[in-house]
Protein chains: 2
Amino acid sequence: MKKVKVNGKTCIGPTQSQPEIILLKKRIKQSTDEIKNLSLLFKIAGTETALKILYLLSIERELCVCDMAEILEMNVSAISHQLKRLSLFRLVTSERRGRTIFYSLRKNQFNEYLKGLFAIIDEVYEGTNNSSIFTTK
Amino acid sequence: MKKVKVNGKTCIGPTQSQPEIILLKKRIKQSTDEIKNLSLLFKIAGTETALKILYLLSIERELCVCDMAEILEMNVSAISHQLKRLSLFRLVTSERRGRTIFYSLRKNQFNEYLKGLFAIIDEVYEGTNNSSIFTTK
DNA sequence: TTTTTATTTGAATAATTGTTCAAATATAAT
DNA sequence: ATTATATTTGAACAATTATTCAAATAAAAA
């Protein structure tokens with residue numbers, strides 16, 4: 001009646017062979033760090049506010065913290081925190097002019113990918129397309 | 001001394017013009033739903049376990065819940081919960097054979113994009129490349 | 001120098017989310 | 001029918017994370 005692991009396996013059934021399991025374990029171990037980093041990058045894009053900031057900066061070359069807060073109708077501090085994360089992952093850069101700090105999109109592959117997705121979103125409202133996208137759900 | 005919003009603006013400084021702000025507000029409002037959906041998709045990919053599952057399925061065409069749990073050294077239930085999310089967003093499909101349920105990657109653009117990224121990760125361990133990627137941080 | 005504006009920072013709070021646990025379901029084997 | 005295996009499910013818990021708040025910093029204007 002007690003649950004016993006056979007050969008350290010969680011299950012017994014007609015699944016992958018033991019050598020195959022071992023191989024996959026090895027490959028996961030080899031790339032965990034990279035997968036972890038990649039997931040951190042996706043996590044930022046998975047934060048609604050951060051993604052909105054990136055969207056805004058894809059439309060307007062540069063924007064100050066205060067204006068973004070105004071546009072997104074959010075606390076300046078909340079925007080600033082998200083900008084810091086975005087900055088850490090090199091998705092945005094900033095430039096101070098006087099007391100204002102202007103943020104803009106950094107040129108890199110991920111941002112280019114996002115821009116492509118944003119373009120698809122915009123097409124919906126330009127009549128080119130009219131079905132909801134990314135709603136695979 | 002008290003903080004007053006001038007014309008409903010959070011700040012006053014030398015920023016974007018009021019019409020520009022209004023335009024951006026409008027565009028954000030138009031696409032909030034799509035951005036929200038897109039961020040939900042990224043959020044899944046931003047979940048380490050879910051991304052690992054996708055990585056495994058990019059190597060092995062199909063895998064059962066139990067084997068994935070064994071490979072990732074995690075609770076079967078945890079894997080199952082993530083698979084459900086992945087399934088809701090149509091990133092994976094499943095097929096039951098006997099009591100075992102096999103999951104595999106669904107063919108769609110996002111998964112193709114991920115496969116490309118996983119290939120880059122793998123190159124690191126094949127000697128083609130040897131610097132850490134996605135660590136823009 | 002003092003005040004005003006713009007932004008950042010860190011701690012506290014609020015909200016969300018991933019994992020575990022126990023129980024339920026489903027299929028196959030005995 | 002009963003038992004064993006594979007998976008799902010929902011509630012509870014633990015952990016993480018986004019936002020708010022108050023205070024600090026930085027630059028410019030008065």
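What's counted below: heavy atoms across the whole structure, side chains too, no hydrogens, waters or symmetry copies. Letters A, B, ... mirror the listed sequences (proteins, then strands); counts begin at 1.
Judged by a 6.0 Å distance limit and a 45° cone about the ring axis, Arg97(A) is positioned over the six-membered ring of Phe102(A).
To the nearest 0.5 Å, the span separating NZ on Lys43(B) from CG on Leu51(A) amounts to 10.5 Å. Note: Leu63(B) CG to Ile101(B) CD1 = 13.5 Å, rounded to the nearest 0.5 Å. Separation of atoms CE (Met68(A)) and CD1 (Ile28(B)) is listed at 11.0 Å; rounding is to 0.5 Å.
Within 6.0 Å of CD in Gln109(B) there are 12 or fewer heavy atoms belonging to other residues, nucleotides or ligands.
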Letter by letter from the 5' end, nucleotides 24-30 of chain D scores (B base, S sugar-phosphate only, - none; protein heavy atoms under 4.0 Å) ---BSS-
For nucleotides 10-17 of chain C, 5' to 3', base contacts (B), sugar-phosphate-only contacts (S) and non-contacts (-) with protein non-hydrogen atoms under 4.0 Å give B------S
Exercise for review: Would you check, one step at a time, whether the test side chain to side chain contact (heavy atoms under 4.5 Å, CB included) holds for Tyr103(A) with Glu62(A)?
Suggested key: CA-CA 5 Å; Tyr103(A) 280 86; Glu62(A) 58 178 23; over 6 Å; no
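As a whole-Å value, the separation of Glu48(A) CD from dT17(D) C1' is 14 Å. Rounding to whole angstrom units, CG of residue Leu63(A) and P of dA6(C) are separated by 14 Å. Rounded to whole angstrom, the span from the CZ atom of Phe89(A) across to the P atom of dT17(D) amounts to 11 Å. Whole-Å rounding puts the Glu95(A) CD to dA6(C) P distance at 18 Å. Per the geometry, CD belonging to Glu70(A) stands 12 Å off P belonging to dA6(C), to the nearest Å. The distance from atom CG of Leu83(B) to atom C1' of dT9(D) is 14 Å, rounded to the nearest whole Å. Distance, Asn75(B) CG to dA14(D) P: 15 Å, rounded to whole Å. Put simply, NZ on Lys52(A) is 9 Å from P on dT19(D), counting in whole angstrom units.
A salt bridge between Glu34(A) and Lys36(A) is absent, with no side-chain N of the basic residue lying under 4.0 Å from a carboxylate O of the acidic one. Under 4.0 Å is where a charged nitrogen must lie from a carboxylate oxygen, and between Glu73(B) and Lys29(A) at least one such pair does.
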Can you give me every donor-acceptor pair (side chain of residues 110-121 of chain B, partner residue at least two apart or in another chain, under 3.5 Å) with its distance?
| unit_1 | atom_1 | unit_2 | atom_2 | d |
| --- | --- | --- | --- | --- |
| Asn111(B) | ND2 | Leu91(B) | O | 2.9 |
| Asn111(B) | ND2 | Arg106(B) | O | 2.6 |
| Glu112(B) | OE2 | Lys115(B) | NZ | 3.2 |

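For Met74(B), the side-chain atoms get nearest to dT19(C) when compared with the rest of dA6(D), dT20(D), dT19(C). Distance from the side chain of Gln82(A) is smallest for dT19(D) among the nucleotides dT7(D), dT19(D), dT20(C). Among the nucleotides dT7(C), dT9(D), dT8(C), the one closest to any side-chain atom of Tyr103(A) is dT8(C). Taking the side chain of Cys64(B) as heavy atoms from C-beta on, and the options dT7(C), dT19(D), dT7(D), the nearest nucleotide is dT7(D).
Neither OP1 nor OP2 of dT9(C) sits under 4.0 Å from any side-chain N or O of Ser80(A).
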